**Q** 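The following block contains the structure, expressed as structure tokens.
None of the values given here were measured: they were computed from a predicted structure. Computed over heavy atoms, backbone and side chain alike; hydrogens, waters and symmetry mates excluded.
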Amino acid sequence: MGITETAEYPLTAEQIEFYRQNGYVRLPDVFTPEELEAARRGVDEAVRLREEISKGNLLDSDYARVFVQMVNLWQASDILRPCVLSAKLASIAKRLSGFSRVRLWHDHALVKMPGDSKPSPWHQDLPYWPHDRSGSLSCWMALDDVTEENGCMWFVPGSHRWGWLEPISLTNPQDIFSLVPEPEGKDFTPVPQPLKAGSCTFHDSLLFHYAGPNQTDRPRRALITIYMEDGTIYTGAPHCVTDPLGLKPGEPLQGDLFPVLA
């Protein structure tokens, strides 16, 4: 069974202002129970396929111990496509960012498996993406109740204004805080983001964020949809989404693979 698009989420002016000042906002009950169930089924199916490919060894690398990641599931999954292309989520992204139009950059499922789980190190997102501009933002949708124990997100409020830094290795990370220019007077205090399933955070692509290890006996599932401003230009930097496409630096990221969603 598919899902039916629901009405626009009632985002307030205070929430928009909080996002712009702090670089993130936490929103309750964004997915309906029907949407949540569809997203869970889609991600579970993707994990099963990944497990078949890995012959039952999902934690087959240091990277997988940080999280099992599956990118652009909307292109292959009839179940997840309406979740990722949701006009409701895209409208939130458009109102938070202030962009006149937002395009899909990509989706990815992030599953922190139980067992030999490692933390996701402090990092920014944008340094890993071949974008010519800042402002892209992610919707991090909790498909399970997320707590500090099973690896909830942590944010440093206001850190999206500290500049575009070098990318951090996710398996052998350096201290990103040591890269912050003029650190005096900056507040590095992190804030945890526990979420009920079906709730989400939106965060700016330059915001410092981290997730701890999953210390429970169950997977922690999340579905992330990333939005960029219409007109974003491809820089030529390597990325798994764009590497196979034969794009030339200076071309806009557009077309069917990067649809306008709001």
Side-chain angles (χ1 to χ4, degrees), residues 18-27 62-63 66-67 69 71-72 92-93 96-99 102-110 112 118-142 146 151-193 195 200-213 222-229 232-243 249 253 258:
F18 185 92
Y19 172 83
R20 295 181 182 177
Q21 288 296 318
N22 294 280
Y24 74 93
V25 68
R26 182 166 43 180
L27 302 176
D62 289 340
Y63 190 86
V66 175
F67 45 61
Q69 181 183 39
V71 176
N72 267 347
I92 296 173
L96 291 174
S97 66
F99 296 152
V102 296
R103 287 186 180 271
L104 176 69
W105 165 223
H106 68 78
D107 72 63
H108 56 149
L110 293 180
K112 273 193 175 290
K118 305 297 183 187
S120 311
W122 285 103
H123 66 284
Q124 301 170 303
D125 290 329
L126 191 58
Y128 303 94
W129 300 342
H131 294 183
D132 71 326
R133 67 195 67 185
S134 58
S136 301
L137 66 165
S138 297
C139 172
W140 198 101
M141 182 67 65
V146 180
C152 74
M153 293 275 276
W154 293 69
F155 297 138
V156 176
S159 55
H160 62 305
R161 298 193 297 271
W162 296 350
W164 189 330
L165 307 181
E166 291 298 314
I168 298 297
S169 168
L170 296 180
T171 57
N172 188 27
Q174 65 189 108
D175 177 13
I176 193 174
F177 294 95
S178 69
L179 304 178
V180 176
E182 301 178 356
E184 299 81 6
K186 291 185 171 69
D187 187 354
F188 290 178
T189 305
V191 179
Q193 304 297 315
L195 293 168
C200 70
T201 57
F202 278 77
H203 70 268
D204 185 279
S205 55
L206 287 177
L207 189 75
F208 286 28
H209 57 287
Y210 154 94
L223 179 65
I224 294 84
T225 306
I226 309 171
Y227 305 91
M228 60 184 173
E229 183 179 15
T232 296
I233 300 298
Y234 173 62
T235 65
H239 192 276
C240 64
V241 169
T242 45
D243 288 350
L253 292 165
F258 309 108

**Q** Does a donor on one side chain and an acceptor on the other come within less than 3.5 Å for N22 and H160?
**A**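 There is no such pair (donor and acceptor under 3.5 Å, judged by atom type) between the side chains of N22 and H160.
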
**Q** Centroid-to-centroid, F177 to F208, below 6.0 Å?
**A**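 They qualify: ring centres under 6.0 Å apart.
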
**Q** Are the aromatic rings of W122 and Y210 close, with centres under 6.0 Å apart?
**A**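 Yes; Y210 has its ring centre under 6.0 Å from that of W122.
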
**Q** Tell me if a side-chain donor or acceptor on Q193 pairs with a main-chain N or O of T201 at a distance below 3.5 Å.
**A**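 It does not hold such a pair.
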
**Q** Donor-acceptor pair, distance only, cut-off 3.5 Å: does the side chain of D107 make one with the backbone of N72?
**A** yes

**Q** For a 4.5 angstrom cut-off between non-hydrogen side-chain atoms, does L137 reach L96?
**A** yes

**Q** Verify side-chain contact (heavy atoms from CB on, under 4.5 Å) between Q174 and L179, making sure each step is shown before the conclusion.
**A** CA-CA 9 Å; Q174 65 189 108; L179 304 178; 3.6 Å; yes

**Q** For G23, is there any backbone N or O sitting under 3.5 Å from a side-chain donor or acceptor partner on D204?
**A**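 Answer holds: no.
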
**Q** On the 0 to 90° scale, with breaks at 30° and 60°, tag the W105-F258 ring pair as parallel, tilted or perpendicular.
**A**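 Parallel.
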
**Q** Pair C139, Y227 - check side-chain contact (heavy atoms from CB on, under 4.5 Å), show working.
**A** CA-CA 8 Å; C139 172; Y227 305 91; 4.1 Å; yes

**Q** Let's go through E229 and R133 carefully: what are the C-alpha distance in whole Å and the side-chain angles of both, what is the deciding distance for salt bridge (Lys or Arg N to Asp or Glu O under 4.0 Å) to 0.1 Å, and is it a yes or a no?
**A** CA-CA 9 Å; E229 183 179 15; R133 67 195 67 185; 3.5 Å; yes

**Q** Give a yes or no on whether the backbone of H209 and the side-chain of Y24 come within a donor-acceptor separation of less than 3.5 Å.
**A**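 Checking the backbone N and O of H209 against the side chain of Y24, no donor-acceptor pair under 3.5 Å is found.
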
**Q** Ignoring hydrogens and angles, tell me if any N or O in the side chain of K186 forms a donor-acceptor pair with the backbone of S159 under 3.5 Å.
**A** no

**Q** Which atom names give the shortest non-hydrogen contact between I226 and S138, and what distance separates them?
**A** CG1-OG, 3.5 Å

**Q** Hey, does the side chain of S136 reach the backbone of M228 with a donor-acceptor pair shorter than 3.5 angstrom?
**A** no

**Q** L253 and H131: side-chain contact (heavy atoms from CB on, under 4.5 Å), yes or no, with the steps?
**A** CA-CA 9 Å; L253 292 165; H131 294 183; 3.7 Å; yes

**Q** Would you confirm whether the ring centroid of H106 sits within less than 6.0 angstrom of the ring centroid of H239?
**A** yes

**Q** Do W129 and V241 have side chains that get closer than 4.5 Å, going by heavy atoms?
**A** no

**Q** Between F202 and W140, does a ring pair (Phe, Tyr, Trp, His ring centres under 6.0 Å) hold up when you go through it step by step?
**A** CA-CA 6 Å; F202 278 77; W140 198 101; over 10 Å; no

**Q** Step by step, would you call W162 with F188 a side-chain contact (heavy atoms from CB on, under 4.5 Å)?
**A** CA-CA 11 Å; W162 296 350; F188 290 178; 3.3 Å; yes

**Q** Using atom types as modelled and distance alone, determine if a side-chain donor or acceptor of R161 lies under 3.5 Å from a backbone N or O of L206.
**A** no

